[in-house]
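By convention in this document, chain letters (A, B, ...) are assigned in the order of the sequence lines, proteins followed by strands, and residues within each chain are numbered from 1.
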There are 2 protein chains.
Amino acid sequence: MSLPHAILTALAEKPSSGLELTRRFDKSIGYFWSATHQQIYRELGRLEEKGLIRALPSARPTRGQKKEYEVLPAGRAELTAWVAEAEDPKPVRDALLLRVRAAGVVGAGGLDAELRRHLALHREQLAEYEAIGKRDFPPERDAEQDRLRRLVLRGGIGLESFWISWLDEALTEIEEIGGGRA
Amino acid sequence: MSLPHAILTALAEKPSSGLELTRRFDKSIGYFWSATHQQIYRELGRLEEKGLIRALPSARPTRGQKKEYEVLPAGRAELTAWVAEAEDPKPVRDALLLRVRAAGVVGAGGLDAELRRHLALHREQLAEYEAIGKRDFPPERDAEQDRLRRLVLRGGIGLESFWISWLDEALTEIEEIGGGRA
DNA sequence: CTCGGTTATGCAACTCGTTGCAAAAGGGTC
DNA sequence: GACCCTTTTGCAACGAGTTGCATAACCGAG
């Protein structure tokens, strides 16, 4: 139930149309709450119906015509309440860890290539995060919002760093095992 | 599409009934691929229909009566093929990071309690993983399967450790901000 | 001025996971 | 032996996310 709040956050940062939101989700918010344009349009409709956001009056309501939304006071209140809500961390569901476990039963044939591929992907993502850090958060910007966004970014960086080091370790391990067999 | 393979892996490690599987998912496999008993029963039905597993002949097929399954050769082949399949890492979707970002817009009121709660949960989980490591994987066991399961466990440990250190950092940051305002 | 590409919004169908509940069998207790 | 609790299996409905496609406006090229 977090998608509506992801959208409220994005709109509170800057009023946008559905497509603009989609693009921002591809770049920024989507790094920790991804969503497709479909989900976004559907949710914008629901949020408008509930009176949490509204279409800016300038935008006519025809199809194919850009429609900008902004957050209403009720939406801001909803978001404020949600921030303090308790929600347990979702249990991990990671197919790669599962593959390694399955490899213990049927052998690790071909898994090393997949591990290397993931390693490359995570290195890319880490590089992107670090570029964003340099570009968007120079140390002189220090408002509350900047500090919190930097904190979230450090979360992303930490996660990617973890995966990179685990994948390194995994590759070493699997090469050793494979070497002993082949 | 990994649930069937999670079940195949579990059954290959040891033939089980639906309820036993449910319990093993709560303890072991479920740490990185969680599933409810509902999903498991449904999937057992599908896997049997496809001829990848079968009910052990001893078990009569009535409701409320235990029914044990084992993996058939076709199931093992399917699992072997799946291990080498390519699958991109799923984009992160983390409500807590989203809350921190939202706090940048509407203020961090009450969020610190939630961060502390998560910190405690992750510390618990880490302790559990470390206990499992000591109990199930003493260093003298060194078969391929043991090494790979230990590798997966180290993944879990690394993830929990990452969250613990990020949450520590986040709490410090938010206390500083809050201190400057109150 | 019409044709094709781009921008923008949206519907419908599907899969996967979740939640609440029901039903059959077995075992213990009074 | 009637009652109730536990174990085990299962159905049905729902909600969130995904995929494929449709529709409408706009804009530039020829």
**Student:** Looking at B:Arg42 and C:dT15, is any side-chain donor or acceptor paired with a base atom of the opposite kind under 3.5 Å?
**Tutor:** no
**Student:** Are the charged groups of A:Arg46 and A:Glu49 less than 4.0 angstrom apart, N to O?
**Tutor:** no
**Student:** Just the rounded figure in Å: distance from P of D:dT9 to OH of B:Tyr69.
**Tutor:** 8 Å
**Student:** Report the distance from atom CD1 of B:Ile40 to atom C1' of D:dT7, rounded to the nearest whole Å.
**Tutor:** 16 Å
**Student:** Does A:Lys90 place a side-chain N or O at less than 4.0 Å from the phosphate oxygens OP1/OP2 of C:dG17?
**Tutor:** no
**Student:** Mind calculating the distance between CG (A:Leu21) and P (C:dG10) to the nearest angstrom?
**Tutor:** 12 Å
**Student:** Output yes when at least one side-chain N/O atom of B:Arg93 is less than 4.0 Å from OP1 or OP2 of D:dT18, else no.
**Tutor:** yes
**Student:** Roughly how many Å is it from CD in A:Gln39 to P in D:dG15, rounded to a whole number?
**Tutor:** 16 Å
**Student:** Send over the distance from B:Phe25 CZ to C:dT18 C1', rounded to a whole Å.
**Tutor:** 16 Å
**Student:** Please work out whether the ring planes of A:His118 and A:His122 are parallel, tilted or perpendicular, with thresholds of 30° and 60°.
**Tutor:** tilted
**Student:** Check every strand shown and say whether A:Ser17 touches a base, only sugar-phosphate, or nothing at a heavy-atom separation below 4.0 Å.
**Tutor:** sugar-phosphate
**Student:** Check this for me, if you would: do B:Arg150 and A:Glu169 make a salt bridge, where the nitrogen-to-carboxylate-oxygen distance has to be below 4.0 angstrom?
**Tutor:** no
**Student:** Want to settle it: does A:Gln38 or B:His37 sit nearer the 5' end of DNA chain D, counting the closest nucleotide to each?
**Tutor:** B:His37
**Student:** Of the nucleotides D:dT8, C:dA8, D:dT18, which has the atom closest to the B:Arg23 side chain?
**Tutor:** D:dT8
**Student:** Rounded to whole angstrom units, what separation is found between the CG atom of B:Leu19 and the C1' atom of C:dA24?
**Tutor:** 14 Å
**Student:** Indicate the ring-plane relationship of B:Tyr129 and B:Tyr31, choosing parallel, tilted or perpendicular according to the 30° and 60° boundaries.
**Tutor:** perpendicular
**Student:** By nearest atom, which of the nucleotides D:dT8, C:dC16, C:dT18 is closest to the B:Tyr41 side chain?
**Tutor:** D:dT8
**Student:** CD of B:Glu48 versus P of D:dT9: gap in Å, rounded?
**Tutor:** 12 Å
**Student:** Just checking, A:Arg154 and B:Trp166: is the charged tip under 6.0 Å from the six-membered ring centre and within 45° of the axis?
**Tutor:** no
**Student:** Please report, rounded to the nearest Å, how far the C1' atom of D:dT18 is from the CG atom of A:Asp26.
**Tutor:** 15 Å
